[in-house]
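Reviewing the structure listed below.
All chains are named by letter (A, B, ...) in the order of the sequence lines, taking the proteins before the strands, and each is independently numbered beginning at 1.
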Number of protein chains: 2
Amino acid sequence: MSQSPKKSADQTVPTSTDVARLAGVSRATVSYVLNNTSAVRISEPTRRRVRAAAEELGYVPHAAARSLRAGHTRMVLLPTAHIPVGPLYGTFFNELHWALRDLDYTVVQYGSLGLTGDEAARAWAELRPVAVVSLGEITLNPRGVQLLKRSGAKAVVTLGAQRVEGAHSLVMDQREVGIAAAGHLLERGHRRIGAVVPEEPGLEIFSKPRLAGLRKAVTGTGATVEPLAMRYDEESAAALAARWRDLALDAVFAYNDEYAQLLMRALQDAGVDVPGHTAVMGADNLLMGKLLRPRLSTVQLELPPGQYLADLIDRLVRHPSEDVEDSGLMGAYAVPRESS
Amino acid sequence: MSQSPKKSADQTVPTSTDVARLAGVSRATVSYVLNNTSAVRISEPTRRRVRAAAEELGYVPHAAARSLRAGHTRMVLLPTAHIPVGPLYGTFFNELHWALRDLDYTVVQYGSLGLTGDEAARAWAELRPVAVVSLGEITLNPRGVQLLKRSGAKAVVTLGAQRVEGAHSLVMDQREVGIAAAGHLLERGHRRIGAVVPEEPGLEIFSKPRLAGLRKAVTGTGATVEPLAMRYDEESAAALAARWRDLALDAVFAYNDEYAQLLMRALQDAGVDVPGHTAVMGADNLLMGKLLRPRLSTVQLELPPGQYLADLIDRLVRHPSEDVEDSGLMGAYAVPRESS
DNA sequence: TTGAAAGCGCTACCAT
DNA sequence: ATGGTAGCGCTTTCAA
């Protein structure tokens, strides 16, 4: 063990009372000094004494006590169930973090693995966040939104496939991905389109709307869409590739670039020519796609800048009654390369 | 705007006092009922009345008030600066989450983007977490550890390359990765080994020790290690590949599988035979590596099970004085495939 | 310029 | 079986 137990005798956490005592002032003065309260003038020597005392004791204010007194927090809660993967969401997340921090909010990610919508909403409400940004992994229902608002959340924003009653919903409709993919494949003359649907749990919220978009774009064109269950492993891909000729497809939208790479390799190993026999299309436009041979056609997604969302949240927090328009915010367009 | 402003007239958050009033009991009784306090017997009819009142008001207890009263929290803080990428860390994270939740801890990820070690430690301490698990992205120094412990953190655990004084350090020495890679490459007879060092910020904490491990393993063998700066984009990889013959290397450890894929493609496009002219080795054993041609040799990392860490934290929380051995916990071994 | 004190919401001790 | 109440740490009004 690397800790030396010699100093840890004073196991008591220093409070502003301790600082006040050491500095020889009242708790009020301590609060004034450490918060730079401008409405009150404190002499410079006193300020120094207080700061020195705080420093010496290693005083850190108690956030819970502070927000209890204040009646509200500056916490923006970002519930996460699955860690979002990929540079797209990563970048968006980071941008949002920075922007919110600039606006003086405390950003907290709260793991909500395996909670139902109601349990999750309750757990979040206990923390009394001033805003909640749900990325659509968790099913936040109208009742949950109501609960959060009643618990003091000024802004409840959902980013996801569907609008949620009561919340401010930024609709990032993953169907756009399917629509963009279908548009491209149809344009290239493909008619029997397969659609990979990952079997891994947690991906339905992406895969289902992507498939739905594909179907929607295809209606009335005479083309067909065939869902193809597949896991993200070689065996599953090989099994799918083995029955490829029976499927009689001339194109496949592989859910995303990673599944596309996996399937394309399996198809090639099974002697299926890409794109001669079957076109393959991914999504997310990972760098990887350009490195494959043939180069992978994909769908590029565009998320709103994190700054935009941060500003929206800030506006909602300050003027909760304000009418802010919901809007469809995710763009998706095909990036044709060699595989289709 | 999708919210109807009709019901939001009562903007007041219900407290246990409101529940008590509605149920016609005291706040104490409300507390007893809602917390199932076993030390006190409450009649069944009363319980029902209280629960009904809580339900009707949409009462949610105030976590801050509760922990203020209790004098401690059950919060485990996981600071995050960069979102950890890759399935390895993702799985580890999820496991840890589940295990801690099972032990009745509240897991909170706290974004600490761009904070210095001292600022970060202070910000964390304000939340009075009972435990802090730093994944080594942030430089937590001994002073910070001290601050956290003084603020009531029973367990401060760091997972990273180096031990931190005062904290319980699980050393996950990334040098092992370099050592494993070098071992394999030397065994195959390579002598002039390149080492890709990503130029992207935030990766130094991995890349530096990996390089150091490579160097360490090579000392005394007569082989040499040549650092090669590279960004994760095609231009940078192509530029590196263009001067490949001048470098006169017979092997390269490419930091990880993704950089390896990128570089290998660039080398092939530049007419460099892999592995004939130059062996390429990645790390992290992504599925992708098996799909490349030649199949990518890599280094497999092994992290401790999340359950292990959760149990460790729980033990430290309950018996802070307990002597728990620090231990090197990351395993790394070469997975030879065709590219080397 | 500084201090005394109320009170945020909650739980747990002590009465009744 | 239930209620009264002190007090966790903090900020802020009001008084001095």
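The residue among B:A65 and B:R41 whose nearest nucleotide of DNA chain D is located toward the 5' end is B:R41. Map B:L68 and B:V40 each onto its nearest nucleotide of DNA chain D; the residue landing nearer the 5' end is B:V40.
Within 4.0 Å of B:T46, counting heavy atoms only, lie sugar-phosphate atoms of the nucleic acid but no base atom. Looking at heavy-atom distances under 4.0 Å, A:S67 makes no contact with the nucleic acid at all.
Listed candidates were D:dC10, C:dG3, C:dT11. Nearest to the side chain of A:S26 is C:dG3. Distance from the side chain of A:R69 is smallest to C:dG7 among C:dT11, C:dG7, C:dG3. Residue B:Y32 places its side chain closer to D:dG4 than to any other of C:dC10, C:dG3, D:dG4. Of all nucleotides listed (C:dT11, D:dG3, C:dC10), C:dC10 comes nearest to the side chain of B:Y59.
Under the 3.5 Å distance criterion, with hydrogens and angles disregarded, a donor-acceptor pair is assigned to the side chains of B:T158 and B:S169. Side-chain contact annotation: B:S112 with B:W124, donor-acceptor N/O pair under 3.5 Å present.
D:dC10 atom C1' lies 12 Å from atom CD of B:E126, rounded to whole Å. Atom CG in B:N35 sits roughly 13 Å away from atom P in C:dC13 (whole-Å rounding). With rounding to whole Å, A:D18 atom CG is found 9 Å from D:dC10 atom P. Between the CD1 atom of A:I42 and the P atom of D:dT11 there is a distance of 14 Å, rounded to whole Å. The separation between A:R49 atom CZ and C:dG3 atom C1' is 14 Å, rounded to whole Å. Across the protein-nucleic acid pair, A:L34 atom CG and D:dG9 atom C1' stand 13 Å apart, rounded to whole Å. Rounded to an integer number of Å, the gap from B:R27 CZ to D:dG7 C1' is 11 Å. Between the C1' atom of C:dT11 and the NE2 atom of B:H72 lies a distance of 11 Å, rounded to the nearest Å.
Taking only side-chain nitrogens and oxygens, A:S31 never comes nearer than 4.0 Å to OP1 or OP2 of D:dT12. OP1 or OP2 of C:dG3 has at least one side-chain nitrogen or oxygen of A:T29 nearer than 4.0 Å. Applying the 4.0 Å criterion to OP1 and OP2 of C:dT11, one finds that B:S16 has every side-chain N and O outside that range. Contact annotation: B:R66 side-chain N/O to C:dT11 OP1/OP2 distance is under 4.0 Å. The phosphate of C:dT2 (OP1 or OP2) has a side-chain N or O of A:S43 nearer than 4.0 angstrom.
When the C1' atoms of four end pairs are superposed on the next four at each end of the helix from C:dT1-D:dA16 to C:dT16-D:dA1, using five pairs per end, the two resulting axes differ in direction by 50°, to 10°.
Ion pairing between B:R318 and B:D314 holds under the 4.0 Å rule for side-chain N and carboxylate O. We find that A:R51 and A:E55 are not joined by a salt bridge, their nearest charged nitrogen and carboxylate oxygen being 4.0 Å or further apart.
Taking 4.5 Å as the limit, every side-chain heavy atom of A:Y32 sits out of range of all side-chain heavy atoms of A:V25. Looking only at side-chain heavy atoms (C-beta outward), A:L78 and A:V108 stay at 4.5 Å or farther from each other.
Of the possible donor and acceptor atoms, one in the side chain of B:R101 sits under 3.5 Å from a partner among the backbone N and O of A:G111.
Here the CH2 atom belonging to B:W98 is positioned 5.5 Å from the CG atom belonging to A:L113, to the nearest 0.5 angstrom.
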